[in-house]
Amino acid sequence: MKPRWRKVLHDLIDNIGRTLLVVFSIAVGVFSIGVIAGAYQIISNDMSVSYSANNPSNIEFRMTNFDENVLTSIHNQRGVKDAEGRRVFNMRVRVPGTEKWTTLDMVAFESFEKNAINLLTPIEGAVEPGKRQVLLEKGALDHLDVGVGGLLEFQLPDGSTKTMPVAGIVQDTAAGAADFLASPFGYITMDTLQYMGQPKLYNRVYITVADDGDDILHIREVGGVVKDKLEKSGNVILRTRFSLTHEHPLASTVNAILGILLALGILIVFLSSSLIANTLNALLNQHLRHIGVIKLVGGQRKQVFRMYITLIMAFGVIALAIAVPFGGIGAYALAEFIAVKLNFNLLGYRIVPMAFFVQIAVGLFVPLVAGLAPVINGSRITVLRALSGDLAEEKVQIKDGEKRLSWFDWMQVKVTHLLALRGIHIPRPFVISLRNTFRRKSRLMLTLFTLTMGGAIFISVFNVRVTLHDYINQIGKYFRADVTLDFDQPYRLREIENAVMSVDGVTHVEGWQFLSGELLDDHENVIENITLLSPPADSTLVQPILIEGRWMRPDDVRKMAVSEGLRKTYPGLKAGDYIKMRVDGRDEIWQVIGLFKFVDQEGLLGYTPFEYVSEMNNLANRSFSYRVVTESHERAYQDAKAEELDKYLRDKGFKVRVAQAGSASLDTAVESLDILVVFLLIMAILTAIVGSMGLAGTMGMNVLERTREIGITRAIGADDRARIRTVIAEGVVIGLISFALAIVLSVPFTYGLSYIVSSAVFQTPIAVVFTYLGYAIWLGLVLALSTVASILPARNAARLTIREVLAYE
Amino acid sequence: MKTRQTKRKSVADIHEMSTPDAMIDMHGVVKKFKNAAGEFTVLKGIDLTINRGEFVSIVGKSGSGKSTLLNMITGIDHPTEGRVVIGGTDIYTNVTESQRSKWRGRNLGIVFQFFQLLPMLTLLENVMLSMDYADMYDFDERPARAMEMLKLVGLEKFANKLPALVSTGQQQLAAIARALACDPPLLVADEPTGNLDTKSANTIIDLFENLARSGKTVLMVTHDPSLTSRTTRNIIIADGELINETIAKALPWLRHRHMMEFTKLAEEWVYEPKATIISRDEHVEYFFMIRKGEVEVVLQDRKQNETVISRLKPGEFFGDIELMRGGKSIANVRAAADAPVELLTIKREDFKRVMDQSPLTAEAVGKIVQQRLDEHRAADSRANRPFFSLFRRKQS
Amino acid sequence: MPASRLGQSKNNLQAGSPPLIELRNVVKVYSTAAGDFSALKGINMQIGAGEFVGIVGKSGAGKSTLLNMITGVDTLTSGEVIVRSNGSSVSVHKMSEDEIALWRGKTLGVVFQSFQLLPMLTLVENITLPMDLVGNFNPRQSRERALELLRLVEIEEHADKLPAFISGGQQQRVAIARALANDPPVLVADEPTGSLDSVTADHIFEVFEHLVTDQGKTIVMVTHDQSLMPRFSRAMRIVDGELDTAYEPEPQSSGRQMK
């Protein structure tokens, strides 16, 4: 090997610590970008493949009961490729011998063999349930501790129970795909319906279109035609849903989240590149003498340049060798995690070429860019400067024949002097720390940049988390009941009130009603489904965040307050506008009295007073559904009361369908949001790691370059503790500056991140909330990090003997 | 009868063992550096005592071990063997480097060739810093004390300037102020004027002289001969050993290598007062240098009347002409009456060999010989011989 | 001390052949915080092939600056430095930095007080490095030549050791061998014995003497060791940036040498 390449090789392997620092800083960036790019690619591909593989329906109608003939007529419609009828109903189920009831969405098939739409993927046991057997969707296993062959106890509406064995486990990637919060599914044949006390009739139809399943207009058109036909023949369609064949209903949400992660990944690359720039700068500084010698003995600038560029490339290659495999594994792990959460399947582990190339580009290009300036400067240095060791930055400028300090140095001295005049003396060792901090300004900038970014993201993630939770709580204001009671038949308000109030801890109960509406356009085509909730107009269980208009009153007739999301359907919708809506098959005109802020998830939400709806439904003073308020609003208390009420009311002969804690569904929502937050936090921690690595590297380089100062202070009496204190103080000063900057920067970051996340998850921007928690944790963390990052260099500094230090002269 | 009393001991060991007055006391200090190429002995057993109030210069070429010697005294490095006692403290036995730093801060002021002020601190802060580290004086007293030190070196006007803004001479003065901040009894300076113009250098040496006069011990490494002349004592180190100070004084033109040779060869002889050292007509077999006491050169006329034609003082030599030109002594040389004389003697053949190798010295000695001859021819009209064989030279 | 053997170079000059190195009114002014400072105040100097020139002076007198002018390591303020070798004549300061580097690699070997070997390369590699950079020899030739040079400075048994594993004197020998790598006609040495003990310094000086007598090299050496003066073929003193024209080194064989 030529001696110059030998030198490069030795530069690479002789200082393992430095090489690791550079390699690791590159690798962090490559890894995170690899994970995210890979996961992004895998998910966006596999999500759609896995979803479409099971032939998802394009049109779903929830209808009143219908029979085989209706299904056949749908099948025969033009544009319909296939149609499949099912019966879907709620049922409480538990493993015999346990207490906990779980609500399952039971799905009855005509024939599992002929199943062609929303295919089930067998996982374990039978592919098809026999009579009085049930298949479970694998998601149900999270709630029910049962295996194939195990028994389940089903509770019928009349309170009696039936037992069925679990014949197999299946996966249903289509049903519930659109809903994070859907109930788990169980599958039976139509033959079993009778056993379950259900009529042998369908109430849902799943349709695939003949032509383009990815053309939403075409799907809507076919859907419209079928619906018209059905309604003309007297069927009532309660709810309509259109979806594309190749697009997972949550794809856009997932993509948005991955997009955020991708942005953070790019940021990490950015941060790591500033770390690389710092380290390479220091490396070149340390190598100036070598460069001087090389040039002295005949080396030209381009030869020096090539040597160091090769060194940098070698750092990049090593980093790639580490980061690419881990990045690939990480990408798949992340994809897998999301896939499990969203119930779709990955096509198997693989290397994503796009991610692979992106990683290689990042791994080689970023260090090249970061190292270019130091290498160019280094290769330009003159032999004289390199060998004279006269490399300290000139602090003094000569202007008009006078020596001048840079304004920054002047200011530092001036401030200390002014303080001293007022009798405030800063101990000199600390003055050293302070002024050292600003010695290498460009290095300080890069360090502060990485650390501040890490901190700002870290803090923002906490703020976003609180923001999301706060929003969920805000949503909770629309459903503040502690226990929700649903009955299979309406009961008189007074009757339920008497019964429920006699249970300990219950403070209030009120009846609610519901109304399903279909929003119509000018041509009576259904545009959207809307659910109208009807609590008493003066209910305290709804605390709406009104953005316009007013809340409902008891005397409101065909007036409703609607969620802001309706503006998507009706751009420019204002309070006082009229809307055409089909209710129970009747086309009516409703007035919008107010708009409130709400999550736009499945369908839309509106409120109209109980007073009107109960009359309209012919259920005056009666209701199927009740909301109970208890003394305590703790989840555990709610659960206990729900169970107690359930038992109490059943014992009294009420036909309770569901009694559950009011915050149950909110908790589930919070859980799934927390998963998102965890991802964000991982990214924040990665940036924090990059930041603290930057700090550690900077402190190490600072100490290396300050051996002279260390020698002097030792010579004039500084002991180890004093030395270590000075170095740590410098690290902490940097940490604190970055903290101060991070506080400022976290504000726009929080807003930005909240906006992106809430737009992705809730399709609406939400009010940002700040929490001291992120600031406090980051303050603690940054102090700990800067101390730790300084300890090693400080210890090394203390270990240097003066003789060694003076030998640097 | 000659009452020559030979005291054979290592002549490098020039001073008595530790006295209560000793500021620095080094015993058998050896320093070896190890590297993969082998072991290098940089200091080969140094014994040195320096008393309080002395102003000592240390001279040596680069590579001679003078920086290492200094590092042994300042506690910056540690010896492989031997003991170093500074102001009564054994600074290497059971002392960590960190503790030594603290000790140094309180007991030792160090001045470097390149000033070594911390560039980010003003002159005042630099001076205060050493008090901060040594934890000397109350925190609130330190600014006033530092200002006082700067006044002492005449820098009070520049107290709040950064080192880069003042001249190098001023930087060195500030460094001295810093070294004095904790009022240490010992000041060690490594080529303090090496980077300064003559005027600044003079200011600094004046300052050192004053400090020594006021009772501080000042130790200064230098290679500027104009500075060594102003110190009260000059120590030469060559290849890791100290050169006998008498030899260095008597034969300053010798290369250090040869001085070292003499240091090793020299024997120390002690004569009682009035004892004869060389008798007339005796063959002279030695070259003599006076370490302590004085000798008289006595000429006897035919009537046996004695004339003391010269009195030689410490640092002067005799016996050179005989050795260089051959022949017998033509006068009596005896110890002065007031005190015993300590002499260093070198054998004739050793002396000649070295003179042959050192033409510069031979020439200088030759010039002195000529000068003495001329002087005495003129001064002593009674001389009945054309050559007068004993010579003196003026001390430099 | 036999030193007159080097006298013939002076004769060369007198015979009228153009000098190998020629400095014409070289001025170097540094701008410092204290104002402009003239390190060299118009130096005129001619050095003939085969001379062994010693330049003495106090520190700060400008002797290192003078050397830097010859090697092209530092820029000059005015004047000209001409080096004639291999039949070509080069005005050093009219070249670009890269050209100087390449030219220096071929024409000048430089030896410093502090050796300046690259610590991560073995001795052989330190010597092959200039050959690699200049490209005069192929790798195999390089190694053989390097070994030969190490033999010349009597250190070939350590060829594959790292610099840290040999003594200072040995490192300086390697530095000399490196300076000879591309077989330059001129060697420039800045206090090459400055950090060596007296015996080692003597050995190193002898190596230089041999290079002049046996290899016909031209050597320019800066030193402050007065005792070396007699051993140069020509000695110059520089005082405050000017050549001390009155300077005559002490005659090398002192008048009263005794037997």
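These numbers were taken from a predicted model, which means no experiment stands behind them. The basis for the numbers below is simple: all heavy atoms, side chains too, and nothing from hydrogens, waters or symmetry mates. Each chain gets a letter, A, B and so on, in the order the sequences are listed, and its residues count up from 1.
Residue contact with chain A, scored on non-hydrogen atoms closer than 4.5 Å, is absent for C:R143. Neither the backbone nor the side chain of A:L9 comes within contact range of chain C, judged by heavy atoms closer than 4.5 Å. Within the 4.5 angstrom heavy-atom criterion, atoms from both the backbone and the side chain of C:Q116 approach chain A. Looking at C:D74, the atoms closer than 4.5 Å to chain A (heavy atoms on both sides) sit in the backbone and in the side chain alike. No part of C:L108 comes within reach of chain A, as not one of its non-hydrogen atoms sits under 4.5 angstrom from that chain. Of the two parts of C:L121, only the side chain, counted from C-beta on, holds a non-hydrogen atom closer than 4.5 Å to a non-hydrogen atom of chain A.
Counting heavy-atom pairs closer than 4.5 Å to chain A, the top-ranked of the candidates C:T71, C:T75, C:L102, C:L117 is C:L102. Of the listed residues (C:A179, C:G135, C:S64, C:A101), the one with the most heavy-atom contacts under 4.5 Å to chain A is C:A101. With chain C as partner, the option from A:V293, A:D14, A:L296 having the largest number of non-hydrogen pairs under 4.5 angstrom is A:L296.
In this model, a donor atom of one side chain and an acceptor atom of the other lie less than 3.5 Å apart for A:R435 and A:T416.
A salt bridge does not link C:D98 with A:K302: none of the charged nitrogens is closer than 4.0 Å to a carboxylate oxygen. Looking at C:R84 and C:E22, a side-chain N of the basic residue comes within less than 4.0 Å of a carboxylate O on the acidic one, giving a salt bridge.
With hydrogens and angles disregarded, a donor-acceptor distance shorter than 3.5 Å links the side chain of C:N126 to the backbone of C:L118. A side-chain donor-acceptor contact under 3.5 Å links C:N138 to the backbone of C:R140. Proximity of a side-chain donor or acceptor of C:R173 to a complementary backbone N or O of C:V153 within less than 3.5 Å is detected.
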Next item on the list: Starting from the C-alpha separation in whole Å, work towards a yes-or-no answer on side-chain contact (heavy atoms from CB on, under 4.5 Å) for A:H290 and C:M120.
Entry: CA-CA 10 Å; A:H290 300 171; C:M120 73 292 288; 3.2 Å; yes
